[in-house]
Amino acid sequence: MNIGKRLLLTLVLLLLAVFSLSSLFKLSGKTEHEGAESLAAIVDPWITQTIPPGGSIFSVLANLELPGTEIGMISYRFGDFIDVTTIQPGDTLRVILNEEGNKIAKMMFVQEPTIRHHFEASGDSLLYTMEALPVQKQLRMINGTLETTLDSALLSMGLSPADKQSVNHGLEGEIDFQRDARKGDRFQVFIEERIFEGKPLPRAKIMYVNYDGVRTGNHELFRYEQEDEKSVMNGLYNKDGKSNNTSGVGYPLSSIHVSSSYGKRLDPFTGRWANHQGVDYRARSGTPVYSVANGTVISARYNGGYGNEVRIKHPSGMITLYAHLLNYSVRTGQTVKRGQIIGRVGSTGRSTGAHLHFGLMTNGRYINPSQLRMVGAERLNQQQMAEFETQKTRIRAMMQAHSRPQQPA
Ligand SMILES: [Zn+2]
């Protein structure tokens, strides 16, 4: 709020300055046209907001003190074009308001400085275009020896926190670091960085990780990638085609209030004891519902007592269910990412009020959603394993070619 007020104040002061300047121009006998040109040069109509840690599009829009309906509409439409899970602190939102100052006329969202999403208001809708500035790709091999922790070693070698996290998650399931890591253990990370204005951008492609220790033994991870650059399967895998990243699980709502938990309960309709095969989360109608992990939509339909429901199958084989939705925004067969909006909370089907019924299934049976963490693990199937083998060979060749000219004389 403070930032918003300060911005508004700055804007008002600027406008005042501009008005006094424009009257000066008139006095000095300049034509109005020339005056107007100088105005444009002085006033930057864009209001810039930076996403703070833990912030969202919604929170920065709220800083602009726009009417709630406008903020709601814009953040809703925003999600239609931009994968909200890719929004990072430091990304900037720039807007131009209409003359009344109560609606957004133009908006630009700048991500990791090279990606610019442009929005222009046209009646009640937003016209969207994307602009990606060119980046240079560069390969880098990081070699190190463990002094204290792998974390600090990776950061000191210039890996961004997000990339360091990916390496960690990849190795987590392979190695018990608490127990087995020792000073002097050796590690190797091979990455493809994107360079913009001389500096590497966060989220490098991690192609290869190797950890070798006396007690841990040798562990290799390779990047597996599908043709679709945004595929939910892309990432680090061990030699068996297993990804150890079980942290890729989120919650179906941005804030969680359980109104009915899993197991025996009095059925609100019959008044009898029944087994509740999921968890109910209380939420206002229209609240966005997110996919808890990467996966594929196996159904999105109206299904009797469950009303509008979405079922997502995750690579771990588990299925998540989201029921009583007001509406859904995905279709059967579509791949979704963790955190992607799949619909809105509602009260369709056999429901006494707005809430989300969230279910978790494995081997055709409902289980307690407290087992949710298991949903995140990914495993390559036979065909993917074959692709993985080819890609491993290619990565090894890339590393060899890369290390040759760098060999010290
Ligand atoms: Zn329920």
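Whatever order the structure lists ligands and atoms in, that order sets their numbers, starting from 1. For the numbers below, each heavy atom of this structure counts, side chains included, while hydrogens, waters and symmetry mates do not.
With no hydrogens or angles considered, a side-chain donor-acceptor pair links Glu100 and Asn98 at under 3.5 Å. Side-chain atoms of Tyr224 and Glu387 form a donor-acceptor pair, as typed in the model, at a separation below 3.5 Å.
Checked against the 6.0 Å centroid criterion, the rings of Phe119 and Phe81 qualify as a close aromatic pair.
Atoms CD1 and CD, on Ile395 and Glu192 in that order, are 10.0 Å from each other to the nearest 0.5 Å.
Residues forming a side-chain contact (heavy atoms from CB on, under 4.5 Å) with Tyr302 (at least two apart in sequence, or on another chain): Asn308, Thr348.
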Item to complete: Would you check, one step at a time, whether the test side-chain hydrogen bond (donor to acceptor under 3.5 Å, both in side chains) holds for Glu220 with Tyr208?
Response: CA-CA 7 Å; Glu220 281 187 315; Tyr208 174 81; 2.6 Å; yes

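Near the Zn ion (ligand 1), less than 2.8 Å away, sit the protein N, O or S atoms His276 NE2, Asp280 OD1, His357 ND1.
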